[in-house]
Amino acid sequence: QVQLVESGGGLVQAGGSLRLSCAASGRAFSSYPMGWFRQAPGKEREFVAAIAWRSSITNYADSVKGRFTISRDNAKNTVYLQMNSLKPEDTAVYYCAADLALAYRTYVRTSKQEYDYWGQGTQVTVSS
């Protein structure tokens, strides 16, 4: 069992920055990939970024490449999403998720169906 709690969302002007955090408890955090997804009103939940148990292995949606950075601190059981140059279209509820089936693998997945555990989400609103 894994519990995930996101924080760090808020209201920011276009061009600004936010850093989201996701604190995990439960099974060995350092062994499995973590992902960030987002869901805007009336839209499907979509992949944003993922990081494998080795922090050097990451993947990003094309829409956030070069602006967002995912990282993890295994000593703190926390994954982060640094979001820079924010745009109004980044407005959404952001969720972190854990992919326990991929423990110790050297790749990450982008499909929300593959992730086992989810946080409650944190709202990010970018004003123009």
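Reckoned from all heavy atoms, side chains included, excluding hydrogens, waters and symmetry mates.
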Out of curiosity, S21 OG to E6 CD, how far, rounded to the nearest 0.5 Å?
10.0 Å
Atom pair CE (M34) and CG (N74), whose distance is rounded to the nearest 0.5 Å
10.0 Å
Do L20 and V64 share a hydrophobic cluster, counting only Ile, Leu, Val, Met, Phe, Trp and Tyr and linking them when any side-chain heavy atoms are less than 4.5 Å apart?
yes
So, do V124 and D90 sit near enough that their side-chain heavy atoms are less than 4.5 Å apart?
no
Ionic contact status for D62 with K65, cut-off 4.0 Å:
yes
Least distance between heavy atoms, V93 atom then G121 atom:
CG1-CA, 3.8 Å
Please say yes or no: joined through hydrophobic side-chain contacts below 4.5 Å, possibly via intermediate residues, are V2 and L81 part of one cluster?
yes
NZ or CZ of R45 within 45° of W118 ring axis and under 6.0 Å
yes
On a heavy-atom basis, which atom in Y115 and which in A50 lie closest, and how many Å separate them?
OH-CB, 3.6 Å
Is there a continuous path of hydrophobic side-chain contacts, each under 4.5 Å between heavy atoms, that joins L100 to L4?
yes
Would you name the heavy atoms of S128 and P88 that are closest together and state the gap between them?
CB-CG, 3.8 Å
Quick one: pull up NZ in K112 and CD in E44 and give me the separation to the nearest 0.5 Å.
5.0 Å
Between F47 and Y60, is the ring centre distance below 6.0 Å?
no
Hey, could you give me the OG/CZ distance between S63 and F68, rounded to the nearest 0.5 Å?
7.5 Å
So Y95 and Q120, do their side chains get closer than 4.5 Å, heavy atoms only?
no
If you take all heavy atoms of T122 and G9, which pair is closest and at what distance?
OG1-N, 3.2 Å
Please step through side-chain contact (heavy atoms from CB on, under 4.5 Å) for the pair T110 and N59, ending with a clear verdict.
CA-CA 8 Å; T110 62; N59 194 1; 3.4 Å; yes
Flag yes if I70 and M83 sit in one hydrophobic cluster, no otherwise; membership is Ile, Leu, Val, Met, Phe, Trp, Tyr, and two members link when side-chain heavy atoms are under 4.5 Å apart.
yes
Tell me, with the steps shown, if T91 and Q123 meet side-chain contact (heavy atoms from CB on, under 4.5 Å).
CA-CA 8 Å; T91 295; Q123 177 70 47; 4.0 Å; yes
Do the side-chain N and O atoms of Q3 and S25 include a donor-acceptor pair separated by under 3.5 angstrom?
yes
How long is the span from the OG atom in S7 to the CZ atom in R19, to the nearest 0.5 Å?
9.0 Å
Chi angles and distances behind the side-chain hydrogen bond (donor to acceptor under 3.5 Å, both in side chains) call for T78, D73
CA-CA 5 Å; T78 301; D73 185 338; over 6 Å; no
Donor-acceptor pair between Y94 and R38 side chains, under 3.5 angstrom
yes
L18-V48 co-clustered via ILVMFWY side chain contacts under 4.5 Å
yes
Rounded to the nearest 0.5 Å, what's the gap from OH on Y104 to OH on Y32? Could you check?
10.5 Å
Could you tell me whether the side chain of I51 reaches within less than 4.5 Å of the side chain of V79, counting heavy atoms only?
yes
Minimum side-chain heavy-atom gap C22-W36 below 4.5 Å:
yes
Taking 4.0 angstrom as the limit, do R105 and D99 come out as a salt bridge?
no
Would you indicate whether the side-chain heavy atoms of V126 and Q13 approach each other to under 4.5 Å?
no
